[in-house]
Amino acid sequence: LSSRFKVDRLQTEAVFPVDDDMRHSCVSLREGFRLWQRRPRQMVGFAARRIVPGFCYQVFPIENHIYYPLINMLWVTKGAFLHRDYLKVYFSQDFDHLRRLVDGNLTGEDMLMGFIVALGNPPGQRWPVALLSRQGIDDRSCSNRALHKGKQAQVTRCKLLDHFLHVLGFPLELAPFSEMYLSDKHVATLVPLSDELRMEWNLHPVLKFPLV
C-alpha cells in the first residue's frame, strides 16, 4: 500500500497524491497549489478530518450551510498538496514499524502521512490548510471501490490510529479559521473562512468532543 508514495526522480517539489476514484475541479487544484506555494511545509488538501484521542476521528464536510469544522488532519489520499521531502521521510527507518503495519492492514497510509507532515513542522505551525465547500469537498467519486469498507474497516483504522498516537504522541494542531478556505462551484477562487463569512452563510460550530 505504501508504494503509492514511492516515486523516483521527481522533477517538482510539490506532490499531489489522490485516489484513482476521486476528481477535483481545475479551479480548486489551481488555487490549492497557490496556497501550497505560500506554505510548502504544510499540507493543503480537501478531505478535512479531526483526530480526537479516544474517539478516533470525525469527518467534517460543510453541508447545507450548517456546520463549520474543527480540523487537525487531512486525508492526503483524497487529494492534497505536500512537499516531496515527506515521501522520503515516510520511507525512512524511523517509520519502518508503522509502515509495515499500514501495509499489513492495507489501510492507514493517509493517517501516517498526516502525522509525518505535522511532525515536520514546528509547534504552532502543525495544522493543515483545508479546502472546503458548503456542499462538501468539491471532488466527485468515480467509483465505489475500496480496499476495505464497512464497520470492520473503521475498527482497523481506529486501532492503527491509536497505535500511531501511542508511538508518535499528539503533534496535531487545530487549523485556524484563517487557514480554511471555502470553494464552491460558482466561485472562481477560494474564499477564506472569515468570521464575517461564517455569519453570512450561517455556519455554526458542532462541538461533540472537548477541544484538544
Side-chain angles (χ1 to χ4, degrees), residues 17-19 22 24 28 32 35-36 39 41-82 86 98 102 107-139 148 151 153-183 190 192-195 197-198 201-212:
V18 63
D19 287 337
M22 307 295 293
H24 296 279
S28 293
L35 287 173
W36 178 86
R39 299 166 183 80
R41 306 310 302 181
Q42 290 166 282
M43 192 186 301
V44 178
F46 298 90
R49 302 291 186 269
R50 181 173 174 219
I51 305 297
V52 182
F55 293 99
C56 201
Y57 60 83
Q58 293 174 287
V59 179
F60 275 124
I62 293 180
E63 297 175 340
N64 300 322
H65 303 224
I66 296 175
Y67 308 124
Y68 69 76
L70 297 163
I71 296 164
N72 57 17
M73 174 69 80
L74 297 172
W75 283 176
V76 63
T77 54
K78 294 193 179 298
F81 294 95
L82 72 161
Y86 291 121
L98 300 180
V102 165
T107 189
E109 80 282 15
D110 48 359
M111 296 186 293
L112 180 56
M113 183 60 82
F115 276 90
I116 288 172
V117 174
L119 290 167
N121 286 278
Q125 300 179 34
R126 290 177 168 174
W127 31 264
V129 180
L131 311 180
L132 309 168
S133 170
R134 288 180 291 178
Q135 286 76 41
I137 59 175
D138 68 343
D139 48 7
H148 285 296
K151 184 176 181 180
Q154 178 75 0
V155 170
T156 300
R157 286 177 63 81
C158 289
K159 287 182 178 179
L160 282 173
L161 177 58
D162 285 343
H163 189 73
F164 295 165
L165 291 168
H166 176 74
V167 174
L168 303 174
F170 192 79
L172 310 177
E173 298 175 353
L174 291 175
F177 290 117
S178 61
E179 297 305 328
M180 299 181 196
Y181 293 82
L182 288 172
S183 175
L190 298 175
L193 186 58
S194 64
D195 290 336
L197 197 58
R198 295 205 311 275
W201 284 355
N202 194 29
L203 303 179
H204 302 288
V206 176
L207 302 179
K208 293 184 178 180
F209 304 114
L211 291 176
V212 291

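For clarity, every value in this text was computed on a predicted model and none was experimentally measured.
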Please round to the nearest 0.5 Å and tell me the distance separating atom [atom1] of [X] and atom [atom2] of [Y].
{"X": "I116", "Y": "E109", "atom1": "CD1", "atom2": "CD", "value": "11.0 Å"}
{"X": "M111", "Y": "L168", "atom1": "CE", "atom2": "CG", "value": "11.5 Å"}
{"X": "N72", "Y": "F170", "atom1": "CG", "atom2": "CZ", "value": "5.0 Å"}
{"X": "K159", "Y": "H163", "atom1": "NZ", "atom2": "NE2", "value": "13.0 Å"}
{"X": "I51", "Y": "F164", "atom1": "CD1", "atom2": "CZ", "value": "10.5 Å"}
{"X": "M73", "Y": "I71", "atom1": "CE", "atom2": "CD1", "value": "12.0 Å"}

Atom of [X], atom of [Y] and distance for their closest heavy-atom approach:
{"X": "L119", "Y": "P171", "result": "CD2-CB, 3.6 Å"}
{"X": "A80", "Y": "P17", "result": "O-CD, 3.1 Å"}
{"X": "E173", "Y": "Q125", "result": "OE1-N, 3.3 Å"}
{"X": "A118", "Y": "L172", "result": "CB-CD2, 3.8 Å"}

Does any non-hydrogen side-chain atom of [Y] lie less than 4.5 Å from one of [X]?
{"X": "L165", "Y": "L161", "result": "yes"}
{"X": "L35", "Y": "L131", "result": "yes"}
{"X": "Q42", "Y": "E179", "result": "no"}
{"X": "C56", "Y": "Q154", "result": "yes"}
{"X": "L174", "Y": "R50", "result": "yes"}
{"X": "Y86", "Y": "R41", "result": "yes"}

- Item | Name of the residue among R49, R157, K78 meeting salt bridge (charged side-chain N to carboxylate O under 4.0 Å, His left out) with D110 | R157
- Using the side-chain contact (heavy atoms from CB on, under 4.5 Å) rule, pick out the option among L74, L82, V129 that qualifies with V44. V129
